[in-house]
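So the structure is just underneath, and the comments pick up after that.
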Amino acid sequence: MAKTINKVELLGRVGTDPEMRYTPGGTAVTQLRLATDRPRQNGETETDWHTVTCWAGLAEAVHQYVNKGERIYVAGRLVQKTYETAEGQRRHSAEVHAGEVVFLDNRNGNGAHAGDEVPAGAEERSPF
């Protein structure tokens, strides 16, 4: 079988404060929205919005150190989901399951400085 790759790299601004919850098994899950810009032909820029999901130790670090408006680098994999709404409509979504997050903005003395990566061992993968 030929090798395949599912890798996503994003560098953008956090659009919402990260929201953390726990799975029934007790694993931390943090989600945030990340904005990236791309140029248009008319010279203006257009913003793309990405849902980023972090798991376990990485989820806890992102929840603790990342705030809306800050720049971060995310590396991970693309996950596509299909679900049904309460009205019975089928919907599709895509999100990035982060394996690495680098904090790019200086955080004024609360532990994460410009360019710091999350603590060792926090780059745990999604259990799904």
Side-chain angles (χ1 to χ4, degrees):
M1 175 191 269
K3 181 179 179 179
T4 64
I5 297 173
N6 179 352
K7 181 167 182 165
V8 175
E9 293 182 297
L10 300 170
L11 191 151
R13 289 214 176 266
V14 178
T16 59
D17 283 328
E19 296 180 14
M20 188 167 70
R21 60 181 172 79
Y22 291 89
T23 66
T27 302
V29 181
T30 297
Q31 279 194 326
L32 58 87
R33 300 280 289 159
L34 188 67
T36 58
D37 294 329
R38 60 185 160 88
R40 295 181 60 168
Q41 289 182 343
N42 63 5
E44 295 180 9
T45 60
E46 188 169 342
T47 301
D48 292 317
W49 288 94
H50 314 276
T51 299
V52 177
T53 303
C54 306
W55 299 88
L58 181 59
E60 292 170 351
V62 167
H63 183 257
Q64 181 178 356
Y65 293 115
V66 175
N67 294 303
K68 178 180 177 179
E70 294 177 343
R71 289 180 342 117
I72 61 173
Y73 164 83
V74 174
R77 62 186 176 91
L78 185 64
V79 175
Q80 298 184 44
K81 296 180 178 183
T82 302
Y83 61 95
E84 200 170 292
T85 66
E87 296 81 27
Q89 296 179 327
R90 185 174 228 178
R91 301 278 186 199
H92 303 278
S93 69
E95 61 187 47
V96 175
H97 282 205
E100 177 184 7
V101 175
V102 179
F103 311 139
L104 300 173
D105 285 340
N106 192 356
R107 294 287 311 268
N108 296 333
N110 66 352
H113 300 283
D116 281 355
E117 292 186 18
V118 296
E123 294 98 1
E124 297 179 36
R125 300 287 181 185
S126 160
F128 303 101

Would you give the length of the straight line joining atom CG of N6 to atom NE2 of H97, rounded to the nearest 0.5 angstrom?
10.5 Å
Closest non-hydrogen atom pair, A28 against M20:
CB-SD, 4.1 Å
With T82 via side chain to side chain donor-acceptor pair (under 3.5 Å) - residues at least two apart
H92
Not counting sequence neighbours, which residues clear side chain to side chain donor-acceptor pair (under 3.5 Å) with D37? List them please.
T47
Does a side-chain heavy-atom distance below 4.5 Å link D105 with R13?
yes
Just jot down the salt bridge (charged side-chain N to carboxylate O under 4.0 Å, His left out) partners of K7, sequence neighbours excluded, or say none.
none
Locate the shortest heavy-atom distance separating V66 from F103; write the atom from each residue and the value.
CG2-CE2, 3.3 Å
E87: what forms a side chain to side chain contact (heavy atoms under 4.5 Å, CB included) with it, not counting sequence neighbours?
T85
Using the rule that Ile, Leu, Val, Met, Phe, Trp and Tyr join whenever any side-chain heavy atoms are under 4.5 Å apart, tell me whether V52 and V79 fall into a single cluster.
no
D17 side chain vs N67 backbone, donor-acceptor pair below 3.5 Å:
no
Are any of the side-chain heavy atoms of V101 and C54 separated by less than 4.5 Å?
yes
Check salt bridge (charged side-chain N to carboxylate O under 4.0 Å, His left out) between R33 and all other residues, then give those that pass, not counting sequence neighbours.
none
To the nearest 0.5 Å, atom CG of L104 lies from atom CZ of R71 at 5.0 Å
Please give me the minimum heavy-atom distance between V8 and R77, naming the atom from each residue.
CG2-C, 4.2 Å
Which residues pass the side chain to side chain contact (heavy atoms under 4.5 Å, CB included) test with E46, not counting sequence neighbours?
R38, R40
H50: partners by side chain to side chain donor-acceptor pair (under 3.5 Å), with sequence neighbours left out
T36
So salt bridge (charged side-chain N to carboxylate O under 4.0 Å, His left out) across residues 88-99, not counting sequence neighbours, yields K81-E95
Partner set under side chain to side chain contact (heavy atoms under 4.5 Å, CB included) for R21, not counting sequence neighbours:
V29
Rest of the hydrophobic cluster containing W49 (Ile/Leu/Val/Met/Phe/Trp/Tyr, side-chain heavy atoms under 4.5 Å)?
none
With sequence neighbours excluded, tell me which residues meet side chain to side chain contact (heavy atoms under 4.5 Å, CB included) with Q80.
L78, A94
Over all atoms of both residues, closest heavy-atom pair of V74 and V96
CG1-CG1, 4.2 Å
Please name the pair of heavy atoms, one in G15 and one in K68, separated by the smallest distance, quoted to 0.1 Å.
O-CE, 3.4 Å
With E60, which residues qualify under salt bridge (charged side-chain N to carboxylate O under 4.0 Å, His left out), at least two apart?
none
Looking only at heavy atoms, which two atoms of V14 and L34 are closest? And how far apart?
N-CD1, 3.8 Å
